[in-house]
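See structure below.
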Amino acid sequence: MTPIFANSTWRLSSAQDGAELAVATAPEAYYSRWGNPTVRELEDALADLEMGVRALATGSGMGAIASAILAFVDGGDHVVAGASLYTATTEIFTRLLPRFGVRTTFVDPREAGAWKAAVRPDTRLVYIETPANPTMMITDLREAVAAAKSVRATTLADNTFASPVHQRPIEFGVDVVLHSATKYLGGHSDVVAGAIVTRTKALFDRVWFVYKMLGPTLGPFEAFLVRRGLKTLPLRMEAHTSNAQRLAEFLEGQKAVRVVHYPGLKSFPQHALARQQMSGFGAMLSFELTGGYRAGKRFVESVDVASLAVSLGGTETLVQHPASMTHGPLTAEERRVSGISEGLVRVSVGLEDSDDLIADFDQAIRRSSR
């Protein structure tokens, strides 16, 4: 088992040793904001899984996302990002970065040529989330990377939904991969963590500089929990995906359901693209109820086997209503641009018996339609 090094600091052999470590990049036995042996073991495993050179583990997914974004933009720069993103990521681009003169153009990743059309000579960052939260929109990774390279911009990709089991963006030329390790990497709803994996050492050094300043450190015990979760990641993802496919197919046949967003369905508009760049379709899906806002709220309050809760990626099935919950902080226009309808329900499909889940969703749909 990976030892848990609880050290906040390490005894040094000399002042010169301390001077050298103070300017080193991510030393693992100096001060735990710089690095830690338990955390480093996790980081090495994550870099290997994502086909990267180095990784940094952070105290949350947003710690990873914010650190990476701030590492690659300066005042006055331009960013191109997918229109459907995790709420806090959207708020970085629309609320935080404009304070420093950084402007963002949001594109619909489903439109061919959208990334190329949006980049400009001053674009320094292209930000991808695929599949997107909570609409499941797929970004053509090759297309986005080509657009970024045409203006020498850096590409960041949030790979939380797919996990490295089903998708490895660095293989498609992406520069930096991000994760909320709270989700599938940890996998048991008992740890909050994040991860940054870079394609090159030079990219790692840029992220490390910002990470060191902001201090989004992951504790050694939390690193131990995520590392434990990685041991069962392939097995869990296989079972998650099987359940999600069955549930999506059931939902697609319900009259009260207007549309199901799941890449594994042949009816999903980007099913072919998902098959090209993903080895599996994952456990996240969303669906839109014909009854709108009221039906969406009633559904999530009517489940029994599933639980009404935010977050995702654990062994249990979780449901939530984005319009009234996670994406409530956005304006109605921002939700519209993101593709979030009033009746949309997001589902993180767990490891329960699939027949039990289908029966539970069946009764909740009937109750929400009354």
Side-chain angles (χ1 to χ4, degrees), residues 82-87 90 108-111 129 131-138 161 240-241 243-274 281-312 316-350 352 354-370:
S84 181
L85 302 172
Y86 178 61
T87 305
T90 298
D108 186 333
R110 297 167 298 185
E111 295 183 3
E129 186 177 294
N133 183 4
T135 60
M136 306 305 296
M137 294 179 188
I138 305 294
F161 272 23
H240 279 303
T241 301
N243 273 0
Q245 185 71 39
R246 279 206 66 197
L247 186 60
E249 291 171 356
F250 162 77
L251 290 168
E252 195 171 38
Q254 302 306 298
K255 292 182 179 179
V257 175
R258 190 174 73 83
V259 63
V260 181
H261 306 289
Y262 182 65
L265 293 175
K266 293 181 179 179
S267 60
F268 185 72
Q270 295 179 289
H271 175 71
L273 175 60
F281 303 114
M284 295 302 300
L285 63 87
S286 58
F287 63 96
E288 299 178 28
L289 290 162
T290 56
Y293 188 92
R294 178 179 176 274
K297 286 189 68 175
R298 283 182 61 86
F299 175 88
V300 298
E301 293 170 350
S302 298
V303 293
D304 182 30
V305 176
S307 298
L308 170 56
V310 296
S311 197
L312 56 105
E316 61 287 315
T317 296
L318 304 178
V319 299
Q320 66 108 344
H321 180 234
S324 66
M325 294 175 58
T326 54
H327 289 69
L330 302 183
T331 66
E333 175 62 16
E334 286 172 335
R335 288 196 296 273
R336 185 194 67 77
V337 171
S338 297
I340 298 167
S341 69
E342 299 290 273
L344 186 72
V345 173
R346 191 191 75 176
V347 186
S348 170
V349 184
E352 301 93 344
S354 58
D355 288 335
D356 289 344
L357 283 176
I358 289 172
D360 187 34
F361 275 56
D362 184 35
Q363 65 84 22
I365 288 171
R366 284 187 275 106
R367 291 183 65 181
S368 69
S369 302
R370 292 174 184 170

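Everything numeric in this text was worked out from a predicted model, so none of it was measured.
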Could you list the donor-acceptor pairs under 3.5 angstrom formed between side-chain atoms of residues 316-324 and any protein atom two or more places apart in sequence or on another chain?
from, atom 1, to, atom 2, distance (Å)
E316, OE2, S189, OG, 2.5
T317, OG1, G350, N, 2.7
T317, OG1, E352, OE1, 2.6
Q320, OE1, T326, OG1, 3.3
Q320, NE2, T326, OG1, 2.9
H321, ND1, S324, OG, 2.7
H321, NE2, E342, O, 2.6
S324, OG, H321, O, 3.4

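The shortest non-hydrogen separation linking A244 to Y262 is CB-OH, 3.7 Å. Across F299 and S368, no two heavy atoms sit closer than the pair N-CB, 3.7 Å. For the pair L308 and V303, the tightest heavy-atom approach, listed with the atom from each and the gap, is N-CG2, 4.4 Å. The two residues R246 and I358 come nearest to each other via the heavy atoms NH2-CD1, 3.5 Å. For the residue pair Q363 and S302, the shortest heavy atom distance occurs at NE2-O, 2.9 Å. Smallest separation of non-hydrogen atoms from H261 and M136: O-CG, 3.4 Å.
No side-chain heavy atom of M137 sits less than 4.5 Å from a side-chain heavy atom of P131. Put simply, the side chain of H271 does not reach to within 4.5 Å of the side chain of L265, judged on heavy atoms. Counting heavy atoms from C-beta on, the side chains of S267 and E252 come closer than 4.5 Å. Counting heavy atoms from C-beta on, the side chains of L289 and V257 come closer than 4.5 Å.
Heavy-atom contacts from other residues, nucleotides or ligands closer than 6.0 Å to CZ of R110 number 12 or fewer.
Under the side-chain contact (heavy atoms from CB on, under 4.5 Å) rule, F268 has a single partner from L285, L273, V260, I138, which is I138.
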**OP:** Report the C-alpha distance between H240 and V349 in whole Å, list the side-chain angles of each, state the deciding distance to 0.1 Å, and finish with yes or no for side chain to side chain contact (heavy atoms under 4.5 Å, CB included).
**Re:** CA-CA 6 Å; H240 279 303; V349 184; 5.5 Å; no

